[in-house]
Protein chains: 2
Amino acid sequence: MRRTKAQQRQDTTHALVTEARTLFARHGYAAVSLADIVDGVGLTKGALYHHFDNKAALFHAVVEQVQSEVAARVVAAAETSDDPWLRLTAGCEAFLRASADPDVQQIMLVDGPAILRWHEWRTMDEAASGQHLSEALAELIEQGTIPEQPIAPLTHLLSGAMNEAALWLAQSTRPRDLDDTIVALSRLLDSLRHPKLT
Amino acid sequence: MRRTKAQQRQDTTHALVTEARTLFARHGYAAVSLADIVDGVGLTKGALYHHFDNKAALFHAVVEQVQSEVAARVVAAAETSDDPWLRLTAGCEAFLRASADPDVQQIMLVDGPAILRWHEWRTMDEAASGQHLSEALAELIEQGTIPEQPIAPLTHLLSGAMNEAALWLAQSTRPRDLDDTIVALSRLLDSLRHPKLT
DNA sequence: CAGTTGACATACCGATGGTATGCGACCTAC
DNA sequence: GTAGGTCGCATACCATCGGTATGTCAACTG
């Protein structure tokens, strides 16, 4: 049962992040104490503070994990097609479905902006799923599918729309709501490549 | 200096809510202690707990105040016209401008969903600005300006888009971003009444 | 194998949200 | 108008929690 130090370090940090993720997702950041987390892994606060600067730093690691998983699912969905437009719509739909996960809900969308100050949260979100969204939009503009326009505002409008929709869907009881939302989102996206007739 | 008890009660609660709002908006909910709040008003925690069940209840009252102000501004903007479509767009634009207020930012959009559990926050937001949005959409469907479709998903998509856009605009340095966002939002809204040509 | 570093545990502290209780000003009933 | 009750608030206190200081034993390094 001899373990190398590097492996031991990786094991404990991973265990802490995993346990923290479970508790944060279930009860919310504020309602989870560090004692709850370390007890669940059979460690003490000394171990936690050896690997993380403070509670927020541990939460940061959890958010990184969750966001990377969401980003992976979005990318996987987008890569199923070569057509930039289909990649955009597929990515958006994949994001909505991924956000149905309660972990994503509470950690990424509810506690994330409040615990990490909003700017830091935005930076992380940008680096994860937001990145692909703005890239997809840029590509569509470049190839002339949607008209020339500033990308940043559009990215935030769409990203915010999907975030809020995901939160709403989480507590919705009617299964139809998910489909209705995807349809409504598709309509909005479609409007980009069928600009209004003036 | 005799005050009736009812007035005294109203005065102190109002003072507490006002002071709490200032501090919550400036430093965020978690960073403000109850001692900070009562010191600023010249009272003690005893007074606070006589009027509010706990810290979250005080925050709830603050959110109610902020949301009612935002709703008032939205309604005022919407009432300038009789045309349902103009009332929708004017309301949306007014919401975006109202959300530029740092109080609205931090309290309503960042801390709100995390402190009040999301469902409660959503209920309050629904009762305030969200109400007018869905009513406006319903009216437009009824009069045939936009096609028949489920209202709830659309409401949440648009509401989320504006919330996120407001947060982004708050830390944006370029003044043009606000105008660009309003334009982009108008495009999305316009797509509702100029459905895609199939 | 000696000395150092790293991975934790233990013990402790200050701050903070929350509670129990006491007191004086106001209000009501007679 | 005054006695008893209620209300508005202060004081004192408690438990918990995030964070720190320090000790200890295993693992690495020369």
Side-chain angles (χ1 to χ4, degrees), chain A residues 1-24 26-63 107 111-112 114-117 120, chain B residues 1-24 26-63 107 111-112 114-117 120:
Chain A
M1 68 167 277
R2 278 281 183 78
R3 289 184 304 173
T4 177
K5 279 201 170 179
Q7 180 132 25
Q8 186 173 354
R9 178 179 188 89
Q10 181 182 337
D11 287 352
T12 47
T13 57
H14 182 265
L16 286 170
V17 169
T18 301
E19 180 72 13
R21 172 174 173 165
T22 304
L23 295 176
F24 285 156
R26 181 146 47 207
H27 306 108
Y29 176 84
V32 174
S33 75
L34 298 183
D36 293 336
I37 298 173
V38 294
D39 283 358
V41 198
L43 293 174
T44 65
K45 281 198 293 181
L48 197 157
Y49 275 93
H50 181 71
H51 295 287
F52 299 95
D53 284 346
N54 47 38
K55 190 182 179 183
L58 174 60
F59 181 75
H60 187 105
V62 171
V63 173
I107 294 172
D111 281 332
I115 304 310
L116 320 171
R117 299 296 273 187
E120 189 181 0
Chain B
M1 67 166 281
R2 277 281 183 79
R3 290 182 304 174
T4 177
K5 280 204 170 177
Q7 179 131 26
Q8 186 174 355
R9 178 179 188 88
Q10 181 181 338
D11 287 352
T12 46
T13 56
H14 182 265
L16 285 170
V17 169
T18 301
E19 180 72 12
R21 170 174 175 166
T22 305
L23 295 177
F24 285 156
R26 183 147 45 206
H27 306 108
Y29 177 84
V32 175
S33 74
L34 299 182
D36 293 337
I37 297 174
V38 294
D39 283 358
V41 198
L43 293 173
T44 65
K45 281 198 292 181
L48 198 157
Y49 275 92
H50 182 70
H51 295 286
F52 300 94
D53 284 345
N54 46 38
K55 190 183 179 184
L58 174 59
F59 182 74
H60 186 107
V62 171
V63 173
I107 294 172
D111 281 332
I115 305 309
L116 322 171
R117 300 293 275 187
E120 189 181 0

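Each chain gets a letter, A, B and so on, in the order its sequence line appears, and its residues count up from 1.
- One finds no side-chain N or O of Thr4(A) lying less than 4.0 angstrom from the OP1 or OP2 phosphate oxygen of dA27(D).
- When every heavy atom of Val17(B) is checked against every heavy atom of Val62(B), the shortest pair comes out as O-CG2, 3.8 Å.
- Straight-line distance from the CD atom of Gln7(A) to the P atom of dA7(C): 13 Å, rounded to whole Å.
- If you take CG of Asp39(A) and P of dT10(C), they are 12 Å apart, rounded to a whole angstrom.
- For the pair Asp53(B) CG and dG17(C) P, the computed distance is 16 Å after rounding to whole Å.
- Shown here for Ala31(B) and His27(B), the closest heavy-atom pair between the two residues is CB-O, 3.3 Å.
- Within the structure, salt bridge (Lys or Arg N to Asp or Glu O under 4.0 Å) pairs that include any residue of residues 10-22 of chain A comprise Arg3(A)-Asp11(A), Arg21(A)-Glu69(A), Arg21(A)-Asp103(A) (at least two apart or interchain).
- To the nearest angstrom, P of dG18(C) lies 11 Å from CG of Leu58(B).
- Listed by chain and number, the residues in a ring-ring contact (aromatic ring centres under 6.0 Å, His included) with Phe59(B) are Phe24(B), Tyr29(B) (sequence neighbours excluded).
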Sugar-phosphate or base contact per nucleotide [nucleotides 5-18 of chain D; S, B, -; heavy atom under 4.0 Å]: -BBBBBB-----SB

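- In this structure, CZ of Phe59(B) is placed 16 Å from C1' of dG17(C), rounded to the nearest angstrom.
- The only option from Ile107(A), Leu58(A), Asp111(A), Ile115(A) that meets the side-chain contact (heavy atoms from CB on, under 4.5 Å) definition with Val63(A) turns out to be Ile107(A).
- The two residues Leu16(B) and Val41(B) make their nearest non-hydrogen contact at CD2-CG2, 4.3 Å.
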